[in-house]
Amino acid sequence: MRKNLSSLLVAAALAATAAQAKVTDQMIENDARTPGDVLSWGIGQDGQRYSPLKQINAGTIGRLVPVWSFSFGGEKQRGQETQPLIHDGKMFVTASYSRIFALDARTGAKLWKYEHRLPDGIMPCCDVINRGAALYDDLVIFATLDAQLVALKQDSGEVVWKEKIDDYAAGYSATAAPLIAEGLLLTGVSGGEFGVVGRVEARDPRTGQLVWIRPVVEGHMGKKFDKAGNASDNGVSGTPGKTWPGDLWKTGGAATWLGGSYNKKTGLAYFGTGNPSPWNSHLRKGDNLFSTSTVAIDVKTGQIAWHYQNTPNDGWDYDGVNEFITYEDGGRVLGGKADRNGFFYVNDAKTGQLVNAFPFVKKITWATGIDLKTGRPNFVPENRPGDPTAGADGKKGSVVFAAPSFLGGKNQMPMAYSPDTRLFYVPANEWGMEIWNEPVTYKKGAAYLGAGFTIKTLSDGPIGALRAIDPKTGKIVWEAPNNAPLWGGVLTTGGNLVFWGTPEGFLQAADAKTGKIVWKFQTGSGVVAPPVTWEDKGEQYIAVASGWGGAVPLWGGDVAKKVNYLEQGGSIWVFKLLK
Ligand code: CA
Ligand code: CA
C-alpha cells in the first residue's frame, strides 16, 4: 500500500513537471510580460522586442561578460539570422541549412540537434538562413528551406510531425519563425523572385493539419478545412481582375516571407507581403493587391480584415514584408512599420487607417512623400525603371538610379519598440541601385524578375544607422552610424538599453534615450540576428547568434565588395553580469 502510494506520488510529480513544461496559449499571450522565458519571435506576439528586465543597465553593464558560446559546427556556416527561444531551462535555436539545436540555457551544453535533409534543388533567394522556431505544448516547430514544417519534441528532438507547405521545385521556401495565435500555427511562404503565390496558412500546431489558407494575391480562392482535412472554399481574396491585368495574378508573388505578428486586442494577425511578380512593373499595370502591403487577417476566420498597400504597383522590389509592431497610444492600438521603401508607417491596428508616414532614411527617390489623406505615395514617375518594349531594341528599358536599393531602408532585421521611451529603434541603411527592366515570361522554377540591378553606395561614409524614431513626430531622436549595412535585429529593455549587432561582429548596447554606446563585445563573425534577454534564478541573460551572411554578400553589388573582408561563422553567445 505504502509503495503504491509513493509510486503514485512520484507519477503525479512527474506529471506535474511535464505539465509545467508545456507551453500554453496563455503563456504565449503573456510572453512579453514574463521575463523568465522567450516563447515567441518578437519576444511577445506583438513583436515589440521589449523586456522589462533592468538588472543590466547603464550602471551595471560594465560587468556584462560571456557565460558560454556554442558553435553550430560543421562547414554549414553562412548567415545566422535566428532568434533563440528560451523555455524551461532550454534554449531552442535554429541555424543555417535548416538545422535546430536544443541547448542547456545555463551551460550551453548540447541536448540534441536536428538537421533537416535538404534536396539539391532548393531555391532560397537570400542565403540558406532561418529566423527561428515557435514553441507550443511540448513541441518546437520550425520551417525549412525546402518549404516544409517540422515539429519536434522539446525534450528529445524526436520528430512528431512534418508537413509540406509547397513545392520547392516551383521556388517555394520558408525561413520565417512561425507565429502562434489563438491556438493556431501561422506561417507564410518565401519565393517572390520565382512567381509563387503569397499566402498565410493556419494549422493545428499539435498535428500540423491545415485549418485555413488565405492567399494574399488578389483573385485566389481561400480555403478552410474540417477536422477530417476536407477542404472547402472560404471566399476569394479581393476582387478577381481588379488590380491585375490578364493572368499575371496566377504567379503574382507577394511572398509573406518574414512571418507575422499578432495583437490580442484586435484579434488580427499582421503579415507583410513582398513584391508583385515579376519585378518589371510595366507588365502588370494596376495596384497588384495585396503585394507590398500590410495585410491584417482575422485569425478565427482566415479572412482579410484590412490591408494597407505601402508601394502600389511596386517597380523596385520594395517588399513590404517588414514587421508590423503593435503598441498602445492612449486608448488606441497602433502599428508601426519601417518599410523597405524608406518610409515609416503608423496604421490603426484595428482598421488599417493611415495615421502617420514619414521617411526614416535620408534619400528616397521613388516618391516625394505619402499623402496622409489618401494613404497613397506621391510617385516620382521618372524614377520608375523604364518599359523595355519602349526601347529601341525592346530588350532593356531605361536605367534609373533609385534609393533605397531593393535591399531596403530596412530589410529582415526586426526593429524594437520601448513603451518606456515610446520610441522605435530601427536598424536602417542608406544605399541605392541602378535598376532596369527586361522582357520576361514565367517558367516554373526559374527566376521571374524581368529586371537587372546593381546596388550602389550613396557615399564613402557609413551605410548603416541604428535610429531612435518617434512615431508621433517622425523625428529621428538619435542615431548610431555603422560602416557596414546593419542586418541584425534589435532588443530594448527596462534597463533603458538598446542592444543590436553589427556585420563587423560587435554586439553592442546604447542608452535608449541618448544613443550613447555603453558596451560592446566582439562575437567573432558578423551579427545579422536579433538579441534576446531573459532571467533565470535572479540573473539577467542576453543572447545573440553570430554568423555573417544573408542577402548583402550575395546581392550587394558595390556594397558587397566593401564588406567582403568580413568572415563567416555560426555560433550563439550568452552573457550575464559578473558577480
Ligand atoms: Ca516571456
Ligand atoms: Ca522580393
Side-chain angles (χ1 to χ4, degrees), residues 23-53 83-92 105 123-127 134-136 171-173 175-176 180 188-198 216-217 251-258 264 272-281 288 291-293 310-311 314-322 339-341 402 404-412 433 435 447-451 453 455 491 493-494 532-536 540-541 543 550-551 554-555:
V23 176
T24 64
D25 290 293
Q26 198 173 14
M27 286 162 71
I28 291 168
E29 277 163 29
N30 291 333
D31 188 21
R33 293 171 293 280
T34 52
D37 56 24
V38 178
L39 302 177
S40 39
W41 194 81
I43 320 184
Q45 291 168 311
D46 54 12
Q48 289 185 0
R49 297 184 180 277
Y50 168 84
S51 167
L53 292 174
Q83 182 218 291
L85 299 173
I86 310 292
H87 168 59
D88 201 31
K90 298 184 187 76
M91 172 185 286
F92 301 94
M123 284 178 266
C125 77
C126 306
D127 206 359
L135 299 175
Y136 194 79
Y172 284 90
S173 60
T175 52
I180 303 277
V189 294
S190 303
E193 275 56 55
F194 300 96
V196 303
V197 177
V216 294
V217 178
T251 49
T256 44
W257 59 260
L258 195 56
K264 180 74 187 168
T273 59
N275 61 284
S277 298
W279 285 17
N280 178 352
S281 63
N288 316 133
S291 66
T292 52
S293 301
N310 305 92
T311 317
D314 168 48
W316 303 265
D317 187 33
Y318 286 150
D319 288 19
V321 292
N322 306 88
D339 198 280
R340 206 150 118 172
N341 70 19
S405 77
F406 71 83
L407 290 175
K410 190 175 87 57
N411 201 287
Q412 58 84 28
M433 63 179 168
I435 182 168
Y448 185 46
L449 299 188
F453 54 83
I455 304 265
L491 163 72
T493 70
V532 294
T533 189
W534 71 98
E535 76 176 342
D536 182 20
Q540 184 182 355
Y541 290 77
L554 293 174
W555 301 113

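Each ligand, and each atom within it, is numbered from 1 in the order the structure gives.
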Visitor: At the Ca ion (ligand 1), what is the angle formed between atom OD1 of Asp31 and atom O of Asp37, rounded to the nearest 10°?
Guide: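 With the Ca ion (ligand 1) as the vertex, the angle is close to 100°.
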Visitor: Vertex the Ca ion (ligand 2): angle to OD1 of Asn275 and OE2 of Glu193, to 10°?
Guide: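 It comes to 80°.
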Visitor: Kindly state whether the ring of Tyr541 and the ring of Trp534 have centres lying under 6.0 angstrom apart.
Guide: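 Between Trp534 and Tyr541, which both carry aromatic rings, the centre distance is below 6.0 Å.
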Visitor: Could you check whether Asp317 pairs with Arg340 (Lys NZ or Arg NE/NH1/NH2 to Asp/Glu carboxylate O, under 4.0 Å)?
Guide: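 Answer for the salt bridge query: yes.
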Visitor: May I ask you to decide if the ring planes of Trp279 and Phe453 are parallel, tilted or perpendicular, using 30° and 60° as cut-offs?
Guide: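 It falls in the tilted class, 30° to 60°.
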Visitor: How large, to 10°, is the angle at the Ca ion (ligand 2) when you draw lines to OD2 on Asp319 and to OD1 on Asp317?
Guide: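 The two atoms subtend 110° at the Ca ion (ligand 2).
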Visitor: Confirm or rule out an N/O/S atom of Thr34, from backbone or side chain, lying less than 3.0 Å from the Ca ion (ligand 1).
Guide: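 True for Thr34.
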Visitor: Check whether any side-chain heavy atom of Tyr136 lies under 4.5 Å from a side-chain heavy atom of Ile28, and answer yes or no.
Guide: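 Tyr136 vs Ile28: side chains touch.
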